[in-house]
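Shown next, in structure tokens, is the structure this report addresses.
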Amino acid sequence: MCGRYRLSRRKQFIAEYFETDNEVDWEPRYNIAPSQPVGIIRQDPSRPERHFSPARWGLIPSWASDASIGFKTINARAETVATKPAFRDAFVSRRCLLPADGFFEWMRSGKEKQPFHFGMRDDSLFAFAGLWDRWRDPAGTVIESCSRWVSAYANRSPAPKWVPPREADGGDLGSAEALMRGRRPALSAKELGACNR
DNA sequence: CCAGACGTTGTT
DNA sequence: GTCTGG
DNA sequence: CCAGACGTTGTT
DNA sequence: GTCTGG
């Protein structure tokens, strides 16, 4: 879920909302894809100030031999984030927020895929719970990257691998599709991408 | 011991 | 179908 | 997440 | 770096 999101506010607005300083040169973005630079909010627990600064979306653990693992680490499951090798160190001591004002889910009908946008009713900002890490590429360049941790099964314990829809749930209660039913589709993926140019 | 992975989604 | 890059 | 590639030889 | 599978 949440493989793309939106942060379409100007940096002063974001900084004021989250009471951060403003180190990142952020321009409004409507269709943020994995591996792209995003803005994250961090705070040293022993200090009062928060920082809004850039990171690549898709966490690259410090031990990675190349950056490609970042394409698979855009999200961490809340149920396992504390123990997975790629995330657990960050989970202990490198948490952050990923500010956003929306995210996208796609509904598939046969071959067609239609994006839907989700956000606050008043279009206000919110933030994903995040992790970050620091990686040194083979040339020695430091790359900071981040991931979000989200619960895929918020109300179920233990987390099942897959739960078939039950008739009593109306077929697909809790699925992204149920959330999208009756809503107005968003712009297509291509149109969304064009918004960033 | 070494070699290779290290992750999530959604689905039957 | 599956992997890679954005 | 989606979109686009997915391969080699040999050379103007 | 650390764990898992062979």
Side-chain angles (χ1 to χ4, degrees), chain A residues 1-8 27 29-39 54-94 98 100-119 128-138 142-143 145-154 156 158-167 169 171-180 185-197:
Chain A
M1 75 178 298
C2 319
R4 293 200 182 207
Y5 72 101
R6 189 183 81 169
L7 181 55
S8 61
E27 292 297 326
R29 301 271 307 283
Y30 294 85
N31 183 16
I32 299 168
S35 81
Q36 292 178 347
V38 300
R56 173 186 155 131
W57 183 23
L59 187 143
I60 305 167
S62 58
W63 43 257
S65 52
D66 70 284
S68 64
I69 190 171
F71 288 104
K72 302 186 289 189
T73 52
I74 58 171
N75 295 328
R77 281 183 50 194
E79 291 81 356
T80 56
V81 64
T83 54
K84 290 283 183 183
F87 298 126
R88 59 187 172 196
D89 290 351
F91 184 77
V92 170
S93 57
R94 287 186 299 278
L98 281 76
D101 61 359
F103 63 89
F104 297 96
E105 296 287 351
W106 277 257
M107 186 152 66
R108 222 177 22 207
S109 352
K111 247 172 105 176
E112 298 294 297
K113 274 188 247 176
Q114 177 69 59
F116 288 71
H117 177 266
F118 294 84
F128 296 105
L131 309 168
W132 65 277
D133 211 335
R134 190 174 279 148
W135 176 69
R136 203 173 280 274
D137 78 12
V142 169
I143 296 180
S145 57
C146 61
S147 179
R148 305 172 304 179
W149 49 290
V150 295
S151 175
Y153 304 101
R156 294 176 180 137
K161 192 173 168 59
W162 183 67
V163 176
R166 287 182 289 123
E167 204 55 43
D169 291 338
D172 57 359
L173 187 73
S175 71
E177 193 167 310
L179 290 171
M180 286 180 265
L187 296 171
S188 74
K190 268 185 185 167
E191 289 165 328
L192 286 166
C195 287
N196 283 331
R197 289 198 279 275

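Below, read A as the first sequence line, B as the second, and so on, with proteins coming before strands; counting in each chain starts at 1.
Judged by ring centres under 5.5 Å apart and planes tilted less than 30 degrees, A:W106 fails to stack against the six-membered base ring of D:dC1.
Of the candidate nucleotides C:dG6, E:dT2, B:dC6, C:dG6 has the atom nearest to the side chain of A:R4. For A:Q36, counting side-chain heavy atoms from C-beta on, the closest listed nucleotide (B:dT8, C:dG6, B:dC6) is C:dG6. In this structure, of C:dG6, B:dC6, B:dT8, it is B:dC6 that holds the atom nearest to the side chain of A:P85.
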query = According to the Watson-Crick and G-U wobble definition with distances under 3.5 Å, which dot-bracket string, read 5' to 3', encodes DNA chain E, using [ ] for crossing pairs and | for pairs with another strand?
reply = ||||||
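Across the P atoms, B:dT8 and D:dC1 are found 13 Å apart, a figure rounded to whole Å. Taking the C1' atoms as reference points, E:dT2 lies 26 Å from B:dT9, given to the whole Å.
In this structure, A:F87 reaches the sugar-phosphate backbone alone: every heavy-atom distance under 4.0 Å involves primed, P, OP1 or OP2 atoms, never a base. Backbone-only contact: A:A76 has heavy atoms under 4.0 Å from sugar-phosphate atoms and none from a base.
In this view, A:R134 and A:E144 satisfy the salt bridge (Lys or Arg N to Asp or Glu O under 4.0 Å) rule, not counting sequence neighbours. Residues passing the side chain to side chain contact (heavy atoms under 4.5 Å, CB included) test with A:A82, sequence neighbours excluded: A:F91. Partners of A:R94 according to the salt bridge (Lys or Arg N to Asp or Glu O under 4.0 Å) rule, which considers only residues two or more places apart in sequence or in another chain, are A:D133. Shown here are the side chain to side chain contact (heavy atoms under 4.5 Å, CB included) partners of A:I74, two or more places apart in sequence or in another chain: A:P34, A:W57. With sequence neighbours left out, the side chain to side chain contact (heavy atoms under 4.5 Å, CB included) criterion links A:A33 to A:R4, A:Q36.
Put simply, CZ on A:R6 is 18 Å from P on D:dC2, counting in whole angstrom units. In this structure, NZ of A:K113 is placed 12 Å from C1' of D:dG4, rounded to the nearest angstrom. The separation between A:R56 atom CZ and C:dG5 atom C1' is 9 Å, rounded to whole Å. One atom, CD1 of A:I69, and another, C1' of E:dT2, lie 13 Å apart when rounded to the nearest Å.
Taking 3.5 Å as the limit, the base of B:dG7 and the side chain of A:T73 contain no donor-acceptor pair of atoms between them.
Contact annotation: A:T83 does not reach the phosphate of E:dC3 (side-chain N/O to OP1 or OP2, under 4.0 Å).
Closest non-hydrogen pair, A:F128 versus A:A100, comes out as CE1-CB, 3.6 Å.
A donor and an acceptor atom, one from each side chain of A:S151 and A:E79, are located under 3.5 Å apart.
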